[in-house]
Number of protein chains: 2
Amino acid sequence: MWRVEEIDRRIVTLLARDGRMSFTDLARETGLSVSAVHQRVRRLEKRGVLRGYTSLVDYDAIGLPMTAFISIKPIDPSAPDDAPERLKHLSAIEACHSVAGDESYILKVRVSSPIGLEELLQQIRAAANVSTRTTVVLSTPYEHRFPVPGEDEDAEEADKA
Amino acid sequence: MWRVEEIDRRIVTLLARDGRMSFTDLARETGLSVSAVHQRVRRLEKRGVLRGYTSLVDYDAIGLPMTAFISIKPIDPSAPDDAPERLKHLSAIEACHSVAGDESYILKVRVSSPIGLEELLQQIRAAANVSTRTTVVLSTPYEHRFPVPGEDEDAEEADKA
DNA sequence: ACTGAAAAATTTTTGGG
DNA sequence: CCCAAAAATTTTTCAGT
């Protein structure tokens, strides 16, 4: 896998901060011409570095105020593990991560109420033949931040002297 | 909190699927005029239902191929709990959720390597005076899906007869 | 790869029902 | 809250370096 270079990285960062930023603004921020950034963005899209764009939604406002993480474990460990396939019709599941550790997947889900969560858990257990462990989210101080590679280094000016 | 009505919900869903969809396309999909959808989108933004827009990034390509969930617990339970504040300067932390259960927060992080994760854990423990429990993500079958309220009901045509 | 500029399309404003 | 149309801006294409 190749390394995304400086100016492309800047474009990706800007679009992560504002997915609708115009090419005009991207050009101004990067010092390139409009057509140059345009070309770069299209290339980043084609190469899959930019996978798409989305809006950030207030889930309280649309009637899904409850978030939870559900860890799942197969009841029959010898059965083929196709849980993601079996669960993907459940639209409440925002994400599905395969993980190391005692359980096999972590799901992030959004539901309308405790009863909605209960029903979802039943559907998950039935669909994938798994046991579940649920962690309810109480609040979310922050989310959807953009991790920048090499930003958290401790001693950045060590080799200046 | 008021209820987002049908057509606004459709707009939100469309923009969740494609955050750069044009007003022209939104108008066609909703059957409204361009200015009507424009007005509605601006209102949804002002009311905070649409919180913003972002690009979906391939973290492998930008040098952050490793994802993990880190659960944290205060070492001194009597100290004031300002962990989110103390941690938010760490850009590797994509999200911070306060949760019910044995631990107090779940962090989602992106790092470049196992060593990067080790260093991040040290920084987290030092900055927030917490113990950590880490679950490494092996792969992500899906992510960033948009949960649609009322999509997972089992018996939808029960009261038709 | 980048630039500048023309052409095409979209966004935003305006005026009015 | 809705539409239609004008005005402003952006996106997209393209010839040239």
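We use all heavy atoms of the structure for the numbers below, so side chains are in, but hydrogens, waters and symmetry mates are not. Quick note on labels: first sequence line is chain A, next is B, and so on, each numbered from 1.
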For the pair A:Ser55 (side chain) and B:Leu15 (backbone), establish whether a donor and an acceptor sit closer than 3.5 Å, ignoring hydrogens and angles. yes
Ranking C:dT11, D:dC1, C:dC2 by distance to the side chain of A:Arg20, first place goes to C:dT11
B:Glu45 atom CD is separated from C:dT11 atom P, nearest whole Å, by 12 Å
d(CD, B:Gln39; P, C:dT14) in whole Å: 14 Å
Could you check whether A:Lys108 pairs with A:Glu143 (Lys NZ or Arg NE/NH1/NH2 to Asp/Glu carboxylate O, under 4.0 Å)? yes
Rounded distance in Å - CD1 (B:Ile11) to C1' (D:dC1): 12 Å
Whole-Å distance separating the CG atom of B:Leu15 from the C1' atom of C:dT11: 14 Å
B:Leu120 CG to B:Ile124 CD1 distance, which is reported to the nearest 0.5 Å: 4.0 Å
Should the pair A:Phe146 and B:Tyr59 be assigned to parallel (<30°), tilted (30 to 60°) or perpendicular (>60°) ring geometry? tilted
Whole-Å distance between C:dT10 C1' and B:Asp18 CG? 14 Å
Atom pair CG (A:Leu90) and CD (B:Glu151), whose distance is rounded to the nearest 0.5 Å: 10.5 Å
Which distance, rounded to the nearest 0.5 Å, do you find between the CD1 of B:Ile62 and the OG1 of A:Thr13? 7.0 Å
Taking the cut-offs as 6.0 angstrom to the six-membered ring centre and 45 degrees off its axis, would you call B:Arg42 and B:Phe23 a cation-pi pair? no
What is the distance from CG of B:Asp8 to P of D:dC2, rounded to the nearest Å? 8 Å
Which is more 5' along DNA chain C, the nucleotide nearest B:Arg42 or the one nearest A:Leu32? Just name the residue. A:Leu32
In this structure, how many angstroms lie between the C1' atom of C:dA1 and the CZ atom of A:Arg40, rounded? 8 Å
Examine C:dT12: is either OP1 or OP2 under 4.0 Å from a nitrogen or oxygen in the side chain of B:His38? Give yes or no. yes
Protein and nucleotides 4-6 of chain C: nitrogen or oxygen contacts under 3.5 angstrom:
| unit_1 | atom_1 | unit_2 | atom_2 | d |
| --- | --- | --- | --- | --- |
| C:dG4 | N7 | A:Ser35 | OG | 3.3 |
| C:dG4 | O6 | A:Ser35 | OG | 2.6 |

Please give, in whole Å, the distance from D:dC1 C1' to B:Arg43 CZ? 8 Å
